[in-house]
Amino acid sequence: MNNALPETAITHDSDFIIFGGSGDLSVRKIFPALFWRFLHGQITENFRLISCMRTVITTQEFASNFRPFCEQAFESGIADEQSWENFLKLIQILELDIVNNIGGDELYNTLKSDLSEERPCIFYLAVAPKLFGASCVLLQKNNLVLPQSRVVVEKPFGHDKDSALALNQEILNVFDEGQIYRIDHYLGKETVQNLMALRFANVIFETQWNNHHIDHVQITAAETVGVGQRASYYDSYGALRDMVQNHLLQLLCLVAMEPPSYFNADQVRTEKLRVLQALRPSAEDEIQIGQYENYTQELEQESNTETYVAMKVNIDNWRWAGVPFYIRTGKKLGLRASEIVITFKNRPHDIFAKNGEQEAEEYPNRLVIRVQPQEGLRLHLTSKKPGPGGMRLFPSELNLSFDEAFAERLPDAYERLLMDLARGNQTLFMRSDEVLAAWDYIDPIISMVRKRNPEIYSPNSMGPEDTILKREGRHWFNPALDEDI
Ligand code: BG6
C-alpha cells in the first residue's frame, strides 16, 4: 500500500523461517505482524515466509488461523482480499519435527536455491526453550548455520541464571552472539523507543535527569487479563520471572542508563548492562507480592506463585543514589496500563506562600510516559488559575498524545522487531550479559519471596494495599484516574 517508504525502512529480501509455525506466538503475533509489514511495503514479493510445523496443514487452513488477528487491517480498509491473497503466496508450510530430527533436509532443499550472504535467513524459534538446543543442532546438521543466518529466541530466557547460562551455551555452540536475537517485545513498543528519543534527542530533560531534581520514578505494567490458558506455564514462572526480570527491568534501564556515545547495538546494550550491574540487592520489606483471588481455582491446585509484584529498586551509582525506582506489575488488575512516571522534586522555596497563611499547595512536576494504551507523554506543571482572586495555583499539563499526533496507527512491537531482524540490527534485542545480569538481580529476590504466602487481592483492584511507598511518605500514581490516590 505504501510506495513511499523512507530509505531507512527498506529491508533486504529475506527468508523468515518460523519453527513452531502453528503455535500461538506465530499465529497471534508473528504472521499478523509480517502481514502488516507486507501491507506497508517493507516485505516484498521477494521474501519467503516458511512456517514449519509437526503436522502440516494447507496454507489456506493456516491462513484462516491467523486471519482473525489481522482483521483490524481489513476493517480499517488498509487490506483487501487481493493483498491478502498476494501475501499468502509468500507462505510455504513445511513439516518439521525437532525432537525426532525430521524435516531438516527438506528445509535445506527449500532454501538452497536462494542461499546467499546478501539474503538473511532468519530462524525464529517460536518453540519451548527446551527445544532451542535441538533446533540449533538441526540447523547445523543441515548446513543452515551460515554467515547470513540469524536465530531468534523469545523470553523467558531461562528460569534462573543457571538455566539461562545453559540455554546460552546450547545456542552459542552453534551460532555467534552477533547472530542471536533475544526478543523482549517491550523494546519494540513505539513509546519505549520514544523514551530514548525523549532523553537523547532533546536537551531540556538531561540536566534534570538525576538525583538533584528527580524525587522518584514509578514504573507500572498493569494488566486486566488473568493467566487463562497459560496457567501451567505461568505458575512455574510468576510475575517476577514473567514480567520483572525482562520487561520492567528493561524499561528501568532505558530510564536510568547513561547516554551512549552512539545509538548502536553494542553501546546501547552496554549502558543498559551498567544499570543492571548497579542494582542493589533488595531487602525483604522492599518487595510485596500478591495473588489474585481464585487463581488457585483456575490452576486447579494450590500455589504460592505471585501474580502481582511491587518493589523498590535502588540503583547504586552517582546519578541515581537516593532516588527510589518503584516498579509494579500484576494480572487481573482494575485497568490495563503500562506507564513510567518521573516525579520531580518540589521547588526549593515557595514564593507564593504568604506570612501566616497556609503554604501554597505543592503539585510536583511529573513526566508521565504512557507506554500503552493511549500512547503519549504528559508533563504535569503548575499554572495560575485565570481571572481575579490573586495568585491561585492549579495543576495543569502539556499533553502529547501519539494517538492523536500521528494519524497512522502505531505498529505493533513485533512489526518493528521483525524488520530489525531483516536489517540485522540488534539494538532492541537483549545481549546475553544483560539477561544474565538481570537474573543475578532477580534470583535472590525469588528465593526470598517464595518462602512467603502472597497477599490475596480482588480482581479489578490495584493489587494488595501498598506498604512500600506509604512507609516513605509516597503513593502510587494511578494511571486510570490520572491523579494521586
Ligand atoms: C508477556 C508475558 O511477555 O508479556 C505475559 O509473558 C504478558 O504474561 C505480556 O501478558 C504483556 O505484553 P503486552 O504487550 O500485552 O503488555
Side-chain angles (χ1 to χ4, degrees), residues 20 23-30 32-33 36 69 72 124-129 152-159 164 181-195 219-252 254 289-292 295 298-299 303 305-309 327-340 369-376 402-403 409-418 428-430 434-435 438-439 442 446 454 459 463 479-480:
D24 220 42
L25 179 65
S26 162
V27 165
R28 283 170 180 273
K29 290 289 182 188
I30 303 174
W36 276 104
F69 302 99
Q72 200 204 346
Y124 199 128
L125 309 185
V127 292
V152 190
V153 291
E154 279 277 336
K155 64 148 277 274
F157 198 76
H159 198 254
Y181 290 72
R182 297 177 192 82
I183 287 201
D184 179 322
H185 78 279
Y186 259 60
L187 294 178
K189 291 186 190 276
E190 280 290 324
T191 325
V192 175
Q193 293 166 64
N194 229 315
L195 174 57
I219 303 178
T220 295
E223 298 186 274
T224 47
V225 290
V227 293
Q229 307 280 319
R230 298 165 77 226
S232 80
Y233 149 81
Y234 190 87
D235 196 56
S236 59
Y237 280 81
L240 277 159
R241 290 186 173 106
D242 183 54
M243 292 289 289
V244 179
Q245 189 269 349
N246 34 78
H247 304 326
L248 270 78
L249 287 186
Q250 285 291 321
L251 292 182
L252 179 140
L254 295 178
I289 56 166
Q291 187 186 78
Y292 64 78
Y295 170 77
E298 251 178 71
L299 187 68
S303 166
T305 299
E306 74 288 349
T307 59
Y308 173 93
V309 187
I327 64 182
R328 65 175 166 168
T329 181
K331 299 231 180 259
K332 281 227 176 156
L333 297 180
L335 62 112
R336 173 171 176 261
S338 296
E339 196 161 83
I340 301 168
I369 301 158
R370 174 53 84 94
V371 175
Q372 64 187 22
Q374 288 121 28
E375 295 82 351
F402 296 146
D403 260 2
R409 88 183 241 286
L410 295 176
D412 180 74
Y414 276 87
E415 294 174 46
R416 164 66 197 252
L417 296 174
L418 288 166
L428 299 178
F429 296 83
M430 290 182 293
E434 282 182 82
V435 176
W439 282 124
I442 291 293
I446 292 176

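In each ligand, atom 1 is the first atom listed, and ligand 1 is the first ligand listed.
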Atoms of ligand 1 close to D242 [distance to a heavy atom under 4.0 angstrom, numbered from 1]: 2 (C), 5 (C), 6 (O), 8 (O)
Quickly, which of R328, K331, R336 forms a salt bridge (charged side-chain N to carboxylate O under 4.0 Å, His left out) with E223? Name it, please. K331
Distance from atom 11 (C) of ligand 1 to nearest protein heavy atom, with residue and atom: E223 OE2, 3.5 Å
Measure the distance from atom 16 (O) of ligand 1 to every protein heavy atom, then report the residue, atom name and distance (to 0.1 Å) of the closest one. Q372 NE2, 2.7 Å
F157 vs R182 side-chain heavy atoms within contact, under 4.5 Å: yes
Charged N to carboxylate O below 4.0 Å: is that the case for D24 and K29? no
Would you please determine whether Y186 falls within less than 4.0 Å of ligand 1 on a heavy-atom basis? yes
Going by the atom numbers of ligand 1, which of them fall below 4.0 Å from some non-hydrogen atom of H185? 1 (C), 3 (O), 4 (O), 12 (O), 13 (P), 14 (O)
With under 30° as parallel and over 60° as perpendicular, where do the rings of H159 and Y237 fit, or are they tilted in between? perpendicular
Under the side chain to side chain contact (heavy atoms under 4.5 Å, CB included) test against K189, which residue among D412, L410, L428, V371 passes? V371
Geometric class of the Y414/H185 ring pair [parallel <30°, tilted 30-60°, perpendicular >60°]: parallel
Could you tell me which atoms of ligand 1, counted from 1 in the order shown, lie closer than 4.0 angstrom to a heavy atom of K155? 1 (C), 2 (C), 3 (O), 6 (O)
Protein contact of atom 14 (O) of ligand 1 - nearest heavy atom, named by residue and atom, plus distance: K189 NZ, 2.6 Å
Contact atoms of ligand 1, heavy-atom distance to K331 under 4.0 Å: 5 (C), 7 (C), 8 (O), 10 (O)
Can you list the ligand 1 atoms lying under 4.0 Å from a non-hydrogen atom of H247? 1 (C), 3 (O), 4 (O)
